[in-house]
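These notes are about the structure you will find just below.
Please read these numbers as outputs of a predicted model, since none were measured by experiment. Numbered from 1 within each chain, the chains take letters A, B, ... in sequence-line order.
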Protein chains: 2
Amino acid sequence: MNTPITVAIVEDKELIRQSLAILVDGADGFACQATFETAEAALDHLPGQCVDVVLMDIDLPGMNGIDCVRHLKQLCPTTQFMMCTMYDEDETVFEALKAGANAYILKRSPPHKLLEAITELHEGGSPMSSTIARKIASSFHISPTAPNELDVLTPREREILDRLSKGHSHKEVATELFVSPTTVRKHIFNIYEKLQVHSKVEAVNKYLGRK
Amino acid sequence: MNTPITVAIVEDKELIRQSLAILVDGADGFACQATFETAEAALDHLPGQCVDVVLMDIDLPGMNGIDCVRHLKQLCPTTQFMMCTMYDEDETVFEALKAGANAYILKRSPPHKLLEAITELHEGGSPMSSTIARKIASSFHISPTAPNELDVLTPREREILDRLSKGHSHKEVATELFVSPTTVRKHIFNIYEKLQVHSKVEAVNKYLGRK
DNA sequence: TAAAAAATCATACAAATGCGGTATTGTCGG
DNA sequence: CCGACAATACCGCATTTGTATGATTTTTTA
């Protein structure tokens with residue numbers, strides 16, 4: 001281990017922050033370079049000393065950890081972010097990934113797992129607990145249900161729905177398809193009935209497979 | 001270990017198939033219940049004896065492992081599928097997940113990791129090597145262009161846009177946020193100006209990063 | 001070929017929406 | 001302290017949209 005992996009910790013709870021710092025600093029090949037109690041503090045000081053890996057708590061007072069990552073990722077593009085949280089809630093996982101985090105682990109993970117994860121993350125991997133990976137994997141095969149729903153639509157209805165999904169209005173679609181606006185509206189109404197929705201946005205969401 | 005985890009293996013290469021079978025069968029708490037050389041053979045025989053976990057090679061002669069999973073998942077919804085492959089190619093990972101697989105590991109993984117992965121998969125996790133997880137994580141923040149556009153929005157505007165994206169109307173959003181409908185409309189108007197759009201669907205498309 | 005489904009068009013009404021202007025309040029940085 | 005900005009709110013108007021009812025013509029399919 002010539003050059004240790006430099007780590008920063010953002011965590012508001014004193015006890016956890018200290019524990020993590022000691023764990024990281026005590027291990028071979030790791031160096032805890034900074035700790036912060038808040039997202040704001042991290043945003044202030046981290047850009048100057050971009051570390052290799054940041055352990056980021058999500059539930060912080062003031063700005064939350066996800067928004068913090070979103071900003072830091074811009075300022076330190078090479079830094080890797082690992083979200084550390086107590087719970088594996090659906091929404092936050094995706095939000096964190098979108099924000100630029102590359103790892104997502106639970107605080108209850110055993111210490112050696114944590115260090116292993118830091119190493120993997122630093123080497124270009126994306127360690128995450130398998131329960132969290134499951135959430136992500138599941139988000140991919142939501143499609144087997146969706147296509148069935150669209151099967152009930154006629155080709156013409158799909159054609160119209162497709163244009164609606166591009167943000168076109170009744171009139172525009174009518175012009176494009178050389179039919180009367182009332183016809184288009186009738187089709188849209190039928191689409192709504194079949195998909196059990198009551199607005200364009202809902203219909204388009206179903207069409208594009210995002211619910 | 002009262003009831004062992006039942007496993008089936010689909011793999012065309014004799015040597016690998018045998019090795020896996022011996023590994024699984026020899027381990028405590030696992031039972032290799034069947035092995036198949038081809039996807040077709042698996043499709044013929046597996047539905048009758050739905051096992052807990054199927055190790056599926058991707059590169060099979062005839063039908064490939066991904067299509068095989070797609071079909072089997074319909075017939076055995078409770079069975080978990082683990083893709084085993086030599087390489088971690090981009091496309092196949094996503095295809096496999098979409099097809100219904102829940103784990104994706106490399107054949108070069110050490111035996112004990114494989115058994116561990118089978119257990120995790122059976123317990124509802126989604127084990128995957130961290131390099132593969134990285135590919136998936138990356139697919140979430142592929143939107144480096146979109147966030148810039150959304151940066152011009154205020155938090156409140158994003159909040160409102162988020163609710164619009166769920167198909168809520170002016171009034172509904174107003175109720176949810178405890179403000180007047182006219183306020184919401186004003187916000188929406190401002191959003192449209194900033195994003196240079198003229199309708200909900202267009203705004204939502206930009207927000208969700210698909211245009 | 002007869003029945004079912006799809007595509008077309010019309011009329012009508014209420015609600016939602018898009019667009020414009022104006023104004024008050026609070027916060028924050030310079 | 002001031003200016004910029006965000007959030008709040010109102011009014012008004014023209015248009016779009018969601019819903020309903022009804023009808024005609026083509027196409028598909030049983």
Rounding to a whole Å, what distance do you find between [X]:[atom1] and [N]:[atom2]?
X: A/Ile160; N: C/dA7; atom1: CD1; atom2: P; value: 8 Å
X: A/Leu153; N: C/dA5; atom1: CG; atom2: C1'; value: 14 Å
X: B/His198; N: D/dT17; atom1: NE2; atom2: P; value: 14 Å
X: A/Arg156; N: C/dT8; atom1: CZ; atom2: C1'; value: 9 Å
X: B/Lys194; N: D/dA7; atom1: NZ; atom2: P; value: 7 Å
X: B/Glu157; N: D/dA6; atom1: CD; atom2: P; value: 7 Å
X: B/Lys200; N: C/dG18; atom1: NZ; atom2: C1'; value: 11 Å
X: A/Glu202; N: C/dA16; atom1: CD; atom2: P; value: 14 Å

Sequence neighbours excluded, which residues qualify as side chain to side chain contact (heavy atoms under 4.5 Å, CB included) partners of [X]?
X: A/Lys107; result: A/Glu11, A/Lys13, A/Ile16, A/Asp57, A/Cys84, A/Met86
X: A/Phe189; result: A/Glu193
X: B/Glu14; result: B/Arg17, B/Gln18
X: A/Pro77; result: none

Can you name the residues that form a side chain to side chain donor-acceptor pair (under 3.5 Å) with [X], not counting sequence neighbours?
X: A/Arg163; answer: A/Glu159, A/Glu176
X: B/Thr182; answer: B/Ser180
X: A/Thr131; answer: A/Ser129
X: A/Lys113; answer: none

About how many Å separate NE2 of B/His168 and CG of B/Asp162, when rounded to the nearest 0.5 Å?
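Separation between the atoms: 9.0 Å.
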
Could you state the interatomic distance from NE2 (B/His122) to CE (B/Met82), rounded to the nearest 0.5 Å?
11.5 Å

Report the residue (A/Ser199 or B/Leu177) whose heavy-atom-nearest nucleotide on DNA chain D is the more 5′ of the two.
B/Leu177

Which nucleotide, C/dA7, D/dA7, C/dA16, lies nearest any side-chain atom of A/Thr154?
C/dA7

For the helix from C/dT1-D/dA30 to C/dG30-D/dC1, what angle lies between the axis at the first five pairs and the axis at the last five pairs, to 10 degrees?
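Computed from the C1' atoms at both ends, the axes differ by 60°.
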
Which pairs, protein N/O on one side and nucleotides 25-30 of chain C N/O on the other, fall under 3.5 Å?
none

Which of residues 180-192 of chain B sit near DNA chain C, with a heavy atom under 4.0 Å from it?
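Result for residues 180-192 of chain B: B/Arg185, B/Lys186, B/Phe189, B/Tyr192, sorted by number.
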
Does OP1 or OP2 of C/dA16 have a side-chain N or O of B/His170 closer than 4.0 Å?
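It does not, given that no N or O in the side chain of B/His170 lies less than 4.0 Å from OP1 or OP2 of C/dA16.
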
Determine: side-chain N/O of A/Lys171 to OP1/OP2 of D/dT16, distance under 4.0 Å, yes or no.
yes

Tabulate below the donor-acceptor pairs under 3.5 Å that side-chain atoms of residues 35-47 of chain B make, not counting sequence neighbours, or state none.
residue	atom	partner	partner atom	Å
B/Thr38	OG1	B/Ala41	N	3.1
B/Glu40	OE2	B/Met63	N	3.1
B/His45	ND1	B/Ala41	O	3.0

Residue of the set A/Val54, A/Thr79, A/Val53, A/Val51 for which side-chain contact (heavy atoms from CB on, under 4.5 Å) holds with A/Thr6
A/Val51

